[in-house]
Amino acid sequence: MTRSDDSRADSRDEGGRRSRGLPLQAASRITGLVGSVMDLHVRIALQEADREKRRLIGGAVLLAIGLTTLMLALVSAQVALGLWFHLRLGWGWLEAALALSGLNLLLAGVLIRIGGRLTRGPYLPETMAGLSKTTRAVLGR
């Protein structure tokens, strides 16, 4: 045997397979597979984040316009209601202001409650579902 034949004989087992290179090759394949799966999940997350960003920005702009319009309408309605309380019902300015303040508190509570529900998650649901499926598949659960 030559020197190159000796080195080949040392690196192969009885079945002709490389005994030392096989675990490294399998680890390399698994690492490549995991990297590929993570790249896929990152790509999906970026696409989903872009859609979510557009949705949230559009929603924020519409909410700002709606809140500004609502504020203008509320100011004019409060002026009209305060005048109505004072002139038609004969209330003093203090009683009219207190009644309007109570209505404002009630309306603010309702609007904050609705706004809180609209801004609640879930965020990136496709990404989270994909990651959980992959984790279950890899772990065998």
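Just so it is clear, the structure is predicted and the values come from calculations on it, not from any experiment. The basis for the numbers below is simple: all heavy atoms, side chains too, and nothing from hydrogens, waters or symmetry mates.
Within the model, atoms CG of Leu72 and CG of Leu67 stand 11.0 Å from one another, a figure rounded to the nearest 0.5 Å. Atom OG1 of Thr119 sits about 12.0 Å away from atom CD1 of Ile114, to the nearest 0.5 Å. To the nearest 0.5 Å, the span separating CG on Asp50 from CG on Leu46 amounts to 8.5 Å. Here the straight-line distance linking atom CG of Leu74 with atom OG1 of Thr69 works out to 10.5 Å at 0.5 Å rounding. The distance from the CZ atom of Arg55 to the CD atom of Glu48 is 10.0 Å, given to the nearest 0.5 Å.
Cluster annotation: Trp84 is not connected to Leu98 through the hydrophobic network of ILVMFWY side chains, with a link wherever side-chain heavy atoms come within less than 4.5 Å. Note on Val110: it clusters hydrophobically with Leu118, by side-chain heavy-atom contacts below 4.5 Å among ILVMFWY residues. Cluster membership for Leu83 and Trp91, using ILVMFWY side-chain heavy atoms within less than 4.5 angstrom, is not shared.
Looking only at distances, no side-chain donor or acceptor of Ser36 sits under 3.5 Å from a matching main-chain atom of Gly32. The backbone N or O of Leu24 lies less than 3.5 Å from no partner atom in the side chain of Ser28, so there is not a single donor-acceptor pair. Distance alone, capped at 3.5 Å, places no donor-acceptor pair between the Gln78 side chain and the Val75 backbone.
Inter-residue side-chain proximity for Thr134 and Leu40 is flagged as unmet; no heavy-atom pair is nearer than 4.5 Å. Using a 4.5 Å cut-off on side-chain heavy atoms (C-beta onward), Trp93 and His86 make contact. In this structure the side chain of Leu103 reaches within 4.5 angstrom of the side chain of Leu81, judged on heavy atoms.
In terms of heavy-atom proximity, Gly82 sits nearest to Ala96 at O-CB, 4.1 Å. Closest approach of Ala73 to Ser76, counting heavy atoms only: O-OG, 3.0 Å.
Atom CZ of Arg117 sits in a sparse spot, with 12 or fewer heavy atoms from other residues, nucleotides or ligands closer than 6.0 Å.
One finds no salt bridge joining Asp39 and Arg43 here, because no Lys/Arg side-chain nitrogen approaches an Asp/Glu carboxylate oxygen to under 4.0 Å.
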